[in-house]
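Order of listing sets the numbers, starting from 1, for every ligand and every atom in it. Any value given below was found using the heavy atoms of this structure, including those in side chains, with hydrogens, waters and symmetry copies removed. Each residue takes its place number in the sequence, starting with 1. The structure presented is a predicted model; accordingly, all values stated were derived computationally and were not measured.
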Amino acid sequence: MNGITIALSKGRIFEETLPLLAAAGIEPLENPDTSRKLIIPTTREDVRLVIVRATDAPTYVQYGAADLGVAGKDVLLEHGSDGLYQPIDLKIAKCRMMVAIPAGFDYANAVRQGARLRVASKYVNIAREHFAAKGVHVDLIKLYGSMELAPLAGLADAIVDLVSTGSTLKANDLVAVEHVMDISSRLIVNQAALKLKRETLEPILAAIATVVER
Ligand code: ATP
Ligand code: MG
């Protein structure tokens, strides 16, 4: 494939990447939210989009099945980013990784007393590092979604999850007690493609960088 393949996930990353791609003259010819197609042509004959699960974007780019992609910092830290260039923080899909607990649980006291906390998360690697750095002992429980349920159902004392408005936490009587890190999405680039397709890729990266800086 001589052209450029870009891996994007549906939903907020797709929506927020659109204006950045438009700056490089790239506009999808179909909407992935309504189309069942997983390969979407664009207004540029040499550029196509592949629609992937958010957590799979780095994998497609690592193996060179896509030249470019967009992935959250959470995904890159949790699943690894070996062999990927991350030249641009796109400043899209912004949220915060937080520790949250049921309202009424005395987290500070539990930590002070050196209690072993049960923490449920989709982001066990990020959670492990966070608590290790603070010297807090935790048992981590891996979940794949609906983290808010874990403390309510008695599975865990706390969760580590992404928070944007906080309304999901609030609706489930949870409160955020610690900020783990700020999250945004990055442009990821296959290293070999950057060399082999430099002439095509560089203007795309430059156009995107210009919009991001505005
Ligand atoms: P799915 O929701 O299909 O299970 P996912 O959670 O991996 O998959 P998205 O919800 O589209 O996919 O999230 C994609 C990325 O957007 C995440 O990796 C994260 O960086 C960011 N993100 C997640 N939740 C929010 C949010 N509430 N507000 C802003 N950005 C978010
Ligand atoms: Mg999601």
**Prompt:** For Lys134, which residues count as a salt bridge (Lys or Arg N to Asp or Glu O under 4.0 Å) partner, sequence neighbours excluded?
**Reply:** Glu178
Which N or O atoms of ligand 1 sit under 3.5 Å from a protein N or O, and how far apart is each pair?
unit_1: ligand 1; atom_1: 4 (O); unit_2: Arg53; atom_2: NH2; d: 2.9
unit_1: ligand 1; atom_1: 6 (O); unit_2: Lys122; atom_2: NZ; d: 3.4
unit_1: ligand 1; atom_1: 10 (O); unit_2: Arg12; atom_2: NH1; d: 2.9
unit_1: ligand 1; atom_1: 13 (O); unit_2: Arg12; atom_2: NH1; d: 3.4
unit_1: ligand 1; atom_1: 18 (O); unit_2: Asp74; atom_2: OD1; d: 3.2
unit_1: ligand 1; atom_1: 18 (O); unit_2: Asp74; atom_2: OD2; d: 2.8
unit_1: ligand 1; atom_1: 20 (O); unit_2: Asp74; atom_2: OD1; d: 2.7
unit_1: ligand 1; atom_1: 24 (N); unit_2: Arg12; atom_2: NH1; d: 3.2
unit_1: ligand 1; atom_1: 27 (N); unit_2: Ser164; atom_2: OG; d: 3.0
unit_1: ligand 1; atom_1: 28 (N); unit_2: Ser164; atom_2: OG; d: 3.4
unit_1: ligand 1; atom_1: 30 (N); unit_2: Ala93; atom_2: O; d: 3.2

**Item:** Residues forming a salt bridge (Lys or Arg N to Asp or Glu O under 4.0 Å) with Lys37, sequence neighbours excluded
**Value:** Glu30
**Asked** Can you hop from Val160 to Val177 via hydrophobic side chains spaced under 4.5 Å?
**Response** yes
**Message:** Around atom NZ of Lys170, are there more than 12 heavy atoms from other residues, nucleotides or ligands closer than 6.0 Å?
**Reply:** no
**Message:** Taking Arg198 first and then Glu202, would you say they form a salt bridge - that is, a charged N and a carboxylate O separated by under 4.0 Å?
**Reply:** yes
**side chain to side chain donor-acceptor pair (under 3.5 Å) partners of His137, counting only residues at least two apart** = none
